[in-house]
Amino acid sequence: MKRRQFLQAGIAGASASQFGCASHEPIAAGPPGQSAVAILKAASYSADLAGLLRRGAQLCGLEAKGKRVLLKPNLVEFASNAAINTHVAVIVAAVELFRSLGAAEVLIGEGPGHRRDTIALAEEAEYRRVITQFDSIFIDLNRDDVSPVRGFADLPEFYLPNTALQADLIVSLAKMKTHHWAGATLSMKNFFGLVPGSVYGWPKNQLHQIGIDRSIADLQRVFPRSFAIVDGIVGMDGNGPIQGDPKSAGVLVMGSDLVSVDATCCRIMGIDPERLEYMRLTAERGHVHPGRIEQRGESVQSVETRFALIDSLKNVRLS
Amino acid sequence: MSDFLSPRLDFLRATQNADGGWGFFPGKQSWLEPTAYALIALHRDPASRTNFERGWNLMRSWQLPDGSWKPCAAVQEPHWTTALCVTLHGLRGVHDQPFQRGLGWLLTTSGTENGLRFRFAHFLRPSVVELDPSFKAWPWRPGNASWIEPTAHALVALKKARSAGTNPRIEERIRLGEKMILDRRCGDGGWNYGNRKVLGTDLPSYPETTALALLGLAGNRALNLRAPLEVALRYWRETRSPLAKALLSVSLRSHSIAVTPADLTILGEKDTLINALEIIGASGVLV
């Protein structure tokens with residue numbers, strides 16, 4: 001075990017320590033073909049987000065007719081002056097989008113990692129007030145019924161919420177944020193909220209014991225029927241994902257290949273995705289290399305916004 | 001008080017599953033956590049005797065060979081809710097073999113931060129997460145680090161277990177567990193899940209975990225808890241979370257501070273934990 005790996009595994013006991021990935025080995029080429037990722041400019045949350053998401057869905061060729069759709073926002077903690085959570089306006093627009101696409105059912109589900117009272121958190125983030133009939137379409141994934149899956153991080157069984165396992169499509173409504181351990185938290189890291197606190201606790205320390213990067217990669221593998229909409233209208237930089245500063249990037253990023261969506265978001269943020277360990281671990285199932293990502297809508301260059309990084313993440317800065 | 005308790009007791013009796021347990025919400029799969037809280041809430045209520053016995057039998061059937069309890073029928077793994085079961089046995093004065101095995105599991109379980117690997121890593125980079133790894137406390141599940149909530153529940157269970165007879169191991173684990181809780185107190189005076197400072201940044205406390213930390217510390221008269229109890233009272237007045245408010249009621253009661261029960265809320269009617277905790281807080285059945 002190398003010194004760095006030793007440190008990661010040890011400190012993971014109380015939280016986690018990743019500090020990016022310094023590897024310069026070539027990253028996997030990914031599956032054949034290309035992945036479409038749509039970048040849409042949105043100056044503020046009062047923009048026509050429903051219209052923008054419809055355009056993004058068309059650009060990505062998204063189909064949802066007859067599907068049971070689970071929208072998974074990033075609802076972590078609440079602070080009135082911070083951009084921690086997926087903005088409610090993006091969720092409202094997503095509900096409208098999937099209903100207009102003919103989804104059989106549109107649910108919203110989240111299992112916050114620190115706070116026990118998910119509903120109270122949803123209230124603070126204005127989800128309950130703004131989203132029509134919120135209580136009837138929201139599932140607290142921390143306290144949902146669960147079923148075992150096999151092959152997660154070499155564990156004999158790993159338990160996940162039935163609402164997520166039974167969904168035809170899980171839509172990661174992520175927030176564009178830096179992450180002090182993983183480098184960036186985007187559509188794939190957002191799946192940590194699918195893991196039930198009723199089994200794994202608050203925080204879900206088992207994921208840290210497995211390793212944050214490995215856990216991100218395995219969750220992405222367990223839930224392949226997914227789509228990503230990343231809220232980068234106002235993201236977070238610096239000491240994310242909770243203590244950082246609001247950072248306006250003015251974009252929504254969408255696509256059905258979560259690896260490509262996250263790689264694109266990283267480049268927008270000024271982060272080299274090939275330096276993030278979880279991107280390397282997922283690169284066989286999606287596209288990280290820019291030559292294999294078909295950028296639709298805006299170009300990365302036109303929306304580039306350099307997100308501030310803490311010192312321990314300077315090695316993941318895009319050069 | 002009966003106006004407050006009656007609808008909540010009715011709710012628990014009406015939402016008990018056919019297997020004898022309770023789900024987090026009505027009609028959902030039985031879980032040990034809501035079942036244990038419901039049983040603690042009902043255990044002194046004469047009108048709930050049949051409900052209690054059915055739930056008690058289910059709870060007892062979920063004990064694993066190592067003495068721990070599993071969290072629900074679907075999950076075959078040891079779980080922190082073992083502490084709630086030991087507490088319930090203590091409240092009933094049942095100190096039989098299942099109780100002793102559960103107690104034994106609690107006494108032999110501790111967080112990974114107490115191990116050599118973590119301690120060495122922490123020695124190399126102490127500022128990543130500021131904590132003292134020498135205190136032996138409790139994880140959510142074996143193989144994980146210690147956190148405030150499972151530690152608080154284990155302390156409540158061990159303090160109830162004292163009535164079964166003296167055991168120096170119990171006293172030692174209580175001493176170390178209380179030290180861990182005191183060590184993890186946030187700069188604002190309360191507690192969060194268990195990290196007071198990460199990468200040099202102070203983290204804020206939460207109402208619900210402040211309640212649980214103080215619950216775990218209850219009964220130790222040598223501690224001066226005036227300042228954190230004031231924080232808890234402020235949280236009780238200000239929080240909009242019915243769950244946090246209910247936990248604060250239970251916790252403050254354990255420190256002989258009675259607070260006026262919260263109004264019945266639509267949300268509370270649907271949530272087993274909130275209803276059970278509101279009964280426990282108002283009736284004092286945990287004290």
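Quick note on labels: first sequence line is chain A, next is B, and so on, each numbered from 1. A quick note: this is a predicted structure, and the numbers were derived from the prediction, not measured.
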*asked:* If you count heavy atoms of other groups shown closer than 6.0 angstrom to CZ of A:Arg221, is the number above 12?
replied: yes
*Mind listing the closest non-hydrogen atom pair of A:Val146 and B:Gln29 along with its distance?*
N-OE1, 3.7 Å
*Quick one: does A:Arg143's side chain get under 4.5 Å of B:Leu273's, heavy atoms only?*
yes
*Is the closest side-chain heavy-atom distance between B:Thr112 and A:Gln209 below 4.5 Å?*
yes
*Considering only heavy atoms, which portion of A:Ser147 lies under 4.5 Å from any heavy atom of chain B: side chain, backbone, both, or neither?*
neither
*Under 4.5 Å, counting heavy-atom pairs only, tell me which of B:Lys28, B:Lys70, B:Glu77, B:Gln76 racks up the most with chain A.*
B:Lys28
*asked:* What I want to check is whether the side chains of A:Asn205 and B:Trp140 have a donor and an acceptor closer together than 3.5 Å.
replied: no
*Answer yes or no: is there an ion pair linking B:Arg240 with A:Glu123, defined by an N-O contact shorter than 4.0 Å?*
yes
*Tell me, side chain or backbone of A:Asn239 under 4.5 Å from chain B's heavy atoms, or both, or neither?*
side chain
_Heavy-atom check, side chain of B:Trp31 versus side chain of A:Val199, under 4.5 Å_ = yes
*Specify which of B:Gly143, B:Pro71, B:Gly111 makes the most heavy-atom pairs with chain A at under 4.5 Å.*
B:Gly143
*asked:* Closer than 3.5 angstrom, by distance alone: can the side chain of A:Asp117 be matched with the main-chain N or O of B:Ser241 as a donor-acceptor pair?
replied: no
*Apply the test side chain to side chain contact (heavy atoms under 4.5 Å, CB included) to residues A:Gln206 and B:Asn144: give CA-CA distance (whole Å), side-chain angles for both, the deciding distance (0.1 Å), then the verdict.*
CA-CA 6 Å; A:Gln206 183 68 29; B:Asn144 291 182; 3.0 Å; yes
*Gap between atom CD of A:Glu77 and atom CG of B:Asn192 - 0.5 Å precision*: 8.0 Å
*Heavy-atom check, side chain of A:Arg115 versus side chain of B:Pro207, under 4.5 Å*: yes
*Please look at A:Gln243 and chain B and tell me whether the side chain, the backbone, both or neither of the residue comes under 4.5 angstrom of a heavy atom of that chain.*
side chain
*With a cut-off of 6.0 Å (strictly less than), are more than 12 heavy atoms of other residues, nucleotides or ligands near CD of A:Gln133?*
no
_Between B:Val75, B:Thr201, B:Leu243, who has the most heavy-atom pairs with chain A when the cutoff is under 4.5 Å?_
B:Val75
*Do B:Leu199 and A:Trp181 have side chains that get closer than 4.5 Å, going by heavy atoms?*
yes
*asked:* With rounding to the nearest 0.5 angstrom, report the CZ to CG distance, B:Phe24 to A:Asn142.
replied: 9.0 Å
_Test: A:Arg116 and B:Glu33 ion pair at under 4.0 Å_ = yes
